[in-house]
S.K.: 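Attaching a single structure in structure tokens format; questions to follow.
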Amino acid sequence: MNPSPDHRNERIDLAAAFRWFARLNMHESVANHLSMAVSPDGSRFLINPRGRHFSRICAGDLLALNAQDRDTLDRPDAPDKTAWYLHAHLHARLPAARCIMHLHPPYATALACLDDTSMYPIDMNTMRFFGRVALDDQFSGMALTDAEGERVAQIMAGDKTVLLMANHGVLVIGPTVAAAFDEFYYFERAAQTLLICYATGKKLKVVADDIAALTARQWRDYSQLAIDHLDNIKAILDIEEPSYRT
Ligand SMILES: [Zn+2]
């Protein structure tokens, strides 16, 4: 699957995503996590080390974990507990979800805190997510048990790319770092537009389902955009903060 034994390309892409999420203010303190599977069954994956600010993360800092290793949380460099319970279960149960990103970005998290969390199709960005958002409506504290990770994995089964976690935040999955990063970026933009519309107090102009579904399908023909998006971000980081590759 990967010609590089240390998964160099995945590490660099993931480090670039961490750095850029920090620039976009989509990070939160030193919490939240991004991971990338590096074995076909998803049991081995890369994830950020505990307590490291996204803006300082380098490719070489990423932990290489094994979802089958029950002693992981006893390691001196153990990952954050919530990261372990959520990502280990999701990678093991959803091997197609190569990249898993969990954040509490301002607008998408605000949407997750409304009684009606629907991403109404009102512009092209919101229409991108028509039929692609799963809702976890059962917030029950921080995800600190195996059962919680398994429960979330079941909700994400199917063709959904976004999990809106009520009273909590968002989780996005994708086949590559570039795809998941781009999906998260656009979901936050879509939530921003929706909440700005709500703030006007005016009625939303929601398009018909068939138009929203068509637009969502049309977005899928633009998969090159995600690759170009991350390539451009890496080109900027190569000039402004090249340490992300180390
Ligand atoms: Zn969270």
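Just follow the structure's listing: the first ligand is 1, and inside any ligand the first atom is 1. The structure presented is a predicted model; accordingly, all values stated were derived computationally and were not measured.
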S.K.: Let me have the donor-acceptor pairs involving side chains of residues 103-113, under 3.5 Å, with sequence neighbours excluded, atom names and distances please.
M.R.:
| unit_1 | atom_1 | unit_2 | atom_2 | d |
| --- | --- | --- | --- | --- |
| His104 | ND1 | Glu28 | OE1 | 2.7 |
| His104 | NE2 | Asn32 | ND2 | 3.4 |
| His104 | NE2 | His102 | NE2 | 3.2 |
| His104 | NE2 | His168 | NE2 | 3.1 |
| Thr109 | OG1 | His104 | O | 3.4 |
| Thr109 | OG1 | Pro105 | O | 2.7 |

S.K.: Side chains of His33 and Asn48: is there a donor and an acceptor less than 3.5 Å apart?
M.R.: no
S.K.: Quick test of your reading of the model: are Arg56 and Asp61 salt-bridged, counting only N-O distances below 4.0 Å?
M.R.: no
S.K.: Everything protein-side that's N, O or S and under 2.8 Å from the Zn ion (ligand 1): list it, residue and atom.
M.R.: His102 NE2, His104 NE2, His168 NE2
S.K.: Give the table of side-chain donor-acceptor pairs shorter than 3.5 Å for residues 207-222, with sequence neighbours excluded, one pair per line with atom names and distance.
M.R.:
| unit_1 | atom_1 | unit_2 | atom_2 | d |
| --- | --- | --- | --- | --- |
| Thr215 | OG1 | Ile211 | O | 2.8 |
| Trp219 | NE1 | Met124 | O | 2.8 |

S.K.: Check salt bridge (charged side-chain N to carboxylate O under 4.0 Å, His left out) between Asp80 and all other residues, then give those that pass, not counting sequence neighbours.
M.R.: none
S.K.: Angle class for the His27/Phe54 ring planes (parallel below 30°, perpendicular above 60°, tilted otherwise)?
M.R.: tilted
